[in-house]
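Contents: one structure, followed by commentary.
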Amino acid sequence: MAVVSEKGAARVNPSVPVPSLPPSERPPPDPAPAPPAGRIHVAAEGFSVFYADVEAVRSVTLAIPQGRVTAIIGPSGCGKSTLLRAINRMNDLIPGCRVSGRLTLDGEDVYGPQIDVTALRQRVGMVFQKPNPFPKSVFDNVAFGPRIHGIRGRSQLEAVVERSLRRAALWGEVQDRLHENALGLSGGQQQRLCIARALAVQPELLLMDEPTSALDPIAASRIEDLIDELRGEYTVIIVTHNMQQAARVSDLTAFMYMGELVEFDATSRLFTSPAQARTQDYITGRFG
Amino acid sequence: MQRGSRELVDRAFTGVGLVSIVLLAAALLTLLGPIVLRGLGAFVFRGTVEHRRVLLEQFGRGDTEEVQRELAAARAAREPVYDMIAAFEREMKQAGPAERRAMGESLDGLKAALRELLGPLPGDPDPPLLRLRFGQTRWDRALVKLQSVLWREQYDYSDPTVMGRKVLVPRADEFRGTALEPLFDRLPAELEAMLRPRWTVYWGFLFDRSRDAHFFGGIWAELLGTVYLTVGAVLFAVPMGVASAIYLVEYAREDSRPVRLLRTCISTLAGVPSIVFGLFGLAFFINTLHVSSSKSVLAGSLTLAILILPLVIRSAEEALRAVPHTYKEASLSLGAGRWRTVATVILPAALPGILTGVVISMGRAAGETAPIIFTAAVSVGQPLALWEVFSRPTPALPWNIYNLCSEHQAVDEIRHVQYGMVLTLVALVLLLNSAAIFIRARISGRLRG
């Protein structure tokens with residue numbers, strides 16, 4: 001890691017998680033692995049996802065609180081991305097994918113018969129592993145969501161675009177090149193643009209599928225800072241390979257293994273005194 | 001495998017590849033070389049004063065006074081020839097009847113040959129056909145005609161076991177000792193003065209309509225007809241093809257039986273011989289649907305559209321599939337519906353590929369002959385106005401190339417027109433294909449940022 005600072009040095013060490021939370025927002029020390037405090041935003045009950053015959057997510061039950069950053073960690077192929085993509089129904093794109101059990105967003109069944117998938121996806125923004133801006137201008141990228149949701153006025157769009165870019169900490173870098181092709185930005189800028197694009201439709205929830213795995217360490221740390229800033233306003237669920245990252249940015253961490261949810265707890269506790277032996281083995285690097 | 005033999009195989013493979021590329025290039029050159037060289041003969045040639053007269057009288061182009069002056073000079077140069085003929089005819093009046101009859105036949109042959117070379121003789125009535133009113137417009141053709149003035153073609157049937165052999169008899173021998181004898185020395189020497197050849201660049205070949213079945217003028221009707229047919233085919237095929245491709249890529253279930261069947265059908269359609277499309281077009285569009293009472297550009301365009309449809313579908317499908325999946329995911333994750341995603345994200349990103357396919361299929365449509373034989377093409381016709389395309393047939397380059405080399409009554413006289421048409425068609429197709437490359441490079445450059 002190229003960050004050479006006190007903070008950066010701490011980041012390298014997985015066994016010393018440094019929650020980047022102000023103390024007031026830290027989850028209260030609770031001896032029992034009770035459900036986390038706060039209003040429940042996303043809840044799964046016995047939720048499974050199947051790809052044809054393969055059960056990628058096995059009967060997961062968890063409750064994700066609003067306004068917090070929740071990390072899902074686990075080795076490759078453990079079903080963490082599948083679980084994440086189930087929340088905004090991106091798995092619908094995969095032929096032969098079906099679900100069982102219950103998954104709710106604000107108490108509403110995500111797979112219920114009366115759900116409007118496009119409205120759901122408007123409420124649940126998503127940031128992908130590789131930055132994927134459209135081959136359009138920076139402005140058009142951010143304005144894409146608002147436009148499809150019916151905002152037409154130029155000045156309105158400009159306001160939304162500026163607000164979203166500021167929120168994604170990108171405004172200063174791109175305000176002079178709003179009408180240049182977004183593909184000309186650097187990888188890190190592109191990823192922040194994608195976050196701005198997701199924020200522009202004013203979601204309640206932001207899903208991030210390994211958002212920094214394609215970026216260099218400096219760009220990655222800027223994304224992490226940004227996640228830190230989004231805390232409180234948005235519920236963020238981030239899937240990551242990188243345990244240090246989970247430890248740095250999240251309030252809560254879920255550890256998944258072979259499609260099952262092994263442990264879900266406050267990040268500080270999960271990384272320091274995990275209840276399960278498998279969690280302990282994974283975070284200490286014995287497998288995965 | 002041993003290292004030595006591995007290297008040997010590598011080298012052999014490289015060699016084979018190189019040889020095949022060189023062969024291909026050589027084949028291309030042997031093919032394109034004559035096409036270009038001969039085709040250019042329709043545009044750049046030594047035009048005679050008759051050419052300039054045709055341009056002036058038939059197309060109203062050129063400096064009237066200068067052409068008149070040149071014509072007067074040419075007439076003055078031709079005068080001695082006509083005087084000799086008149087002197088010979090006077091001589092004949094005093095000759096005996098047998099000699100007169102024998103010489104009369106020879107004189108008629110000579111006069112016919114002279115008319116082809118120089119145009120009507122003084123005192124001839126105005127000929128009905130336009131082609132007979134002018135002498136040779138091209139110097140290369142004039143030299144050929146000069147030979148038929150100097151030599152008479154005759155067939156030798158003396159040996160009954162073989163077919164008649166062609167022999168050339170010098171006409172000078174026939175008129176030995178008469179007033180016409182000096183003509184055969186004078187004509188070759190004075191021909192330049194009589195026809196005044198001059199290097200000419202004739203762009204009008206593309207934009208003049210033809211006069212008297214391509215004896216004079218250019219190929220505007222054919223060119224325009226080809227453009228109409230091609231554009232018409234694209235107008236029908238592209239919306240249908242792109243819509244089908246979008247359906248196949250974005251909506252259809254990949255593995256379902258009907259979709260698989262549909263794909264097989266499209267592949268089969270691509271393999272159907274083009275003459276079958278031609279007959280289908282006649283049977284379906286003209287005889288069944290009655291899109292027009294007989295052949296028309298509309299019917300031809302529809303037929304060509306079906307011909308290029310598989311090509312358009314295929315290329316559009318590939319272009320759509322080549323759009324990164326991440327664009328689609330991003331769009332859907334923002335709450336865009338399927339159609340919104342296709343219209344605002346996928347189609348724009350696939351546009352270069354689709355356009356390339358469209359332009360290449362335009363090249364295909366422009367060059368196809370068989371589908372338009374029964375549905376759109378006629379041998380002789382005038383350039384159509386835009387509103388006439390719904391009801392009238394048109395000449396078109398591919399069909400008229402065939403027509404000029406096989407069915408025209410004077411194939412040899414207008415070879416240059418045929419070569420010019422071939423060059424024009426080849427250039428048109430090459431132009432379209434390079435446009436495809438250009439579009440692709442340009443738009444994909446823009447997409448990459």
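A note on names: the letters A, B, ... follow the listed sequences, proteins ahead of strands, and every chain is numbered from 1. Not measured: the values here are computed from a predicted model.
Along residues 188-208 of chain A, the residues that come nearer than 4.5 angstrom to chain B, judged on non-hydrogen atoms, are A:Arg197, A:Ala198, A:Val201 in order of number. Proximity to chain B among residues 109-127 of chain A is limited to A:Thr118, A:Arg121, A:Gln122, A:Val124, A:Met126, judged by heavy-atom separations below 4.5 angstrom. Applying a 4.5 Å heavy-atom cutoff, the residues of residues 87-95 of chain A that approach chain B are A:Asn88, A:Met90, A:Leu93.
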Check against side chain to side chain contact (heavy atoms under 4.5 Å, CB included), B:Leu334 and A:Phe144: CA-CA 8 Å; B:Leu334 290 168; A:Phe144 182 86; 3.6 Å; yes
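For residues 235-248 of chain B, no residue pair satisfies the side-chain hydrogen bond (donor to acceptor under 3.5 Å, both in side chains) rule, not counting sequence neighbours.
A:Asn132 contributes no side-chain N or O that, together with a main-chain N or O of B:Tyr327, makes up a donor-acceptor pair within less than 3.5 Å.
With a 4.5 angstrom heavy-atom cutoff, A:Lys130 does not touch chain B via any of its atoms.
By the neighbour-count criterion of 12 heavy atoms within 6.0 Å, atom CZ of A:Arg152 is densely surrounded, having more than that number from other residues, nucleotides or ligands. Counting non-hydrogen atoms of neighbouring residues, nucleotides and ligands closer than 6.0 angstrom, the OH atom of B:Tyr251 exceeds 12 such neighbours.
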